[in-house]
Student: 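Sharing a structure below in C-alpha cells format, with a few things to ask.
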Amino acid sequence: MSKPDPLLSGAAGRCPNCGEGFLFEGFLKVSPRCEACGFDLAAADSGDGPAVFVILIAGLIVAFGALITMVAWRTPVWLTLAIWLPMTLVIVLVLLRPMKGLMLAAQFKNKASQSRHV
C-alpha cells in the first residue's frame with residue numbers, strides 16, 4: 001500500500017502521514033495525534049501563513065468581483081456591498097481550513113519541523 005500525497009491529504013483535512021485520520025479536532029484546531037496511525041500532530045504550527053493566503057485570494061476575488069459588478073451593471077454601492085461583503089465571509093470560511101491543512105502538510109512533506117530549535 002503506497003502512502004498518500006501529503007498535500008492532498010492535508011487539503012482534505014486528513015493526516016499527512018497516513019491520509020486516514022482527521023487533521024483537525026474542531027474547525028481549525030489541530031488534533032494532537034492522528035487517531036489512525038498515531039502520528040504526532042501537536043508540533044505542527046502553520047502560523048499566519050494560511051490566513052495571509054486566504055486574505056490575498058479572497059481580496060482578489062471580492063475586489064475584482066465588486067469592481068466588475070459596479071462597472072458592468074452599474075449597481076448602487078449599497079447593493080454591491082450587500083452582495084460582496086457576505087461573499088467575503090463565505091470565501092474566507094471555505095478556504096481557511098483547506099489552506100491550513102495544506103500548509104501543515106507542506107511542513108510535513110518538507111520536514112520543516114526538524115529545522116526548528118536547532
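On a predicted model such as this, the values are computed, not experimentally measured, just so you know.
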Student: Are Ile57 and Leu102 linked, directly or through other ILVMFWY residues, by side chains that come within less than 4.5 angstrom of each other?
Tutor: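 Same hydrophobic cluster.
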
Student: Cation-pi between Arg14 and Phe22: NZ/CZ under 6.0 Å from ring centre and within 45° of the ring axis?
Tutor: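 Positive - Arg14 is close enough to the ring of Phe22 and near enough to its axis.
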
Student: If hydrophobic clusters are built by linking Ile, Leu, Val, Met, Phe, Trp and Tyr wherever their side-chain heavy atoms come under 4.5 Å apart, do Val92 and Ile55 end up in the same one?
Tutor: no

Student: Counting N and O atoms only, with roles assigned by atom type, does the side chain of Glu20 sit under 3.5 Å from a partner on the main chain of Cys37, one being a donor and the other an acceptor?
Tutor: no

Student: Taking atom CD1 of Ile68 and atom CH2 of Trp73, what is their separation to the nearest 0.5 Å?
Tutor: 8.0 Å

Student: Looking at Val54, Leu60, Val52, which hits side-chain contact (heavy atoms from CB on, under 4.5 Å) with Leu56?
Tutor: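 That would be Val52; it is the only one of Val54, Leu60, Val52 passing the side-chain contact (heavy atoms from CB on, under 4.5 Å) with Leu56.
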
Student: Let me check something: do Leu93 and Ile91 share a hydrophobic cluster, defined by ILVMFWY side-chain heavy atoms less than 4.5 Å apart, either directly or through other members?
Tutor: yes

Student: May I ask you to test the Cys15-Ser9 pair for a side-chain heavy-atom distance under 4.5 Å?
Tutor: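 Cys15 vs Ser9: side chains apart.
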
Student: Report yes if some heavy atom in the side chain of Pro16 is under 4.5 Å from a heavy atom in the side chain of Leu7; otherwise report no.
Tutor: no

Student: Looking at Phe64, I want to see if its CZ is surrounded by more than 12 non-hydrogen atoms of other residues, nucleotides or ligands under 6.0 Å.
Tutor: no

Student: Test of understanding: clusters of I, L, V, M, F, W, Y form through side-chain heavy atoms closer than 4.5 Å, transitively. Do Ile83 and Met70 belong to the same one?
Tutor: no

Student: May I have the step-by-step check of side-chain contact (heavy atoms from CB on, under 4.5 Å) for Asp40 and Arg33, ending in yes or no?
Tutor: CA-CA 5 Å; Asp40 182 23; Arg33 279 197 178 283; 3.9 Å; yes

Student: For Lys100 and Leu28, indicate whether the former's side chain and the latter's backbone hold a donor-acceptor pair under 3.5 Å.
Tutor: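 Here the side-chain-to-backbone pair exists.
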
Student: Is it the case that Thr69 and Thr75 place a side-chain donor and acceptor less than 3.5 Å from each other?
Tutor: no

Student: Taking all non-hydrogen atoms of both residues into account, name the closest pair between Gln107 and Ser46 and its distance.
Tutor: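 Looking at all heavy atoms of both residues, the closest pair is NE2-CA, 4.0 Å.
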
Student: Honestly curious: do Phe27 and Met103 fall in one hydrophobic cluster under the side-chain, below-4.5 Å linking rule?
Tutor: yes

Student: Got a second to check how far Leu23's CG is from Arg97's CZ, nearest 0.5 Å?
Tutor: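 If I round to the nearest 0.5 Å, the distance is 8.0 Å.
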
Student: Would you say that more than 12 heavy atoms from the other residues, nucleotides or ligands in this model lie under 6.0 Å from the CZ of Phe24, or not?
Tutor: yes

Student: Run Lys3 and Asn17 through side-chain contact (heavy atoms from CB on, under 4.5 Å) and show every step you take.
Tutor: CA-CA 8 Å; Lys3 284 201 172 222; Asn17 188 44; 3.0 Å; yes

Student: Return the CG to CH2 distance between Leu79 and Trp84, rounded to the nearest 0.5 Å.
Tutor: 11.5 Å

Student: Between Leu96 and Met99, is any pair of side-chain heavy atoms under 4.5 Å apart?
Tutor: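 When only atoms from C-beta onward are counted, Met99 and Leu96 do not touch, as no gap falls below 4.5 Å.
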
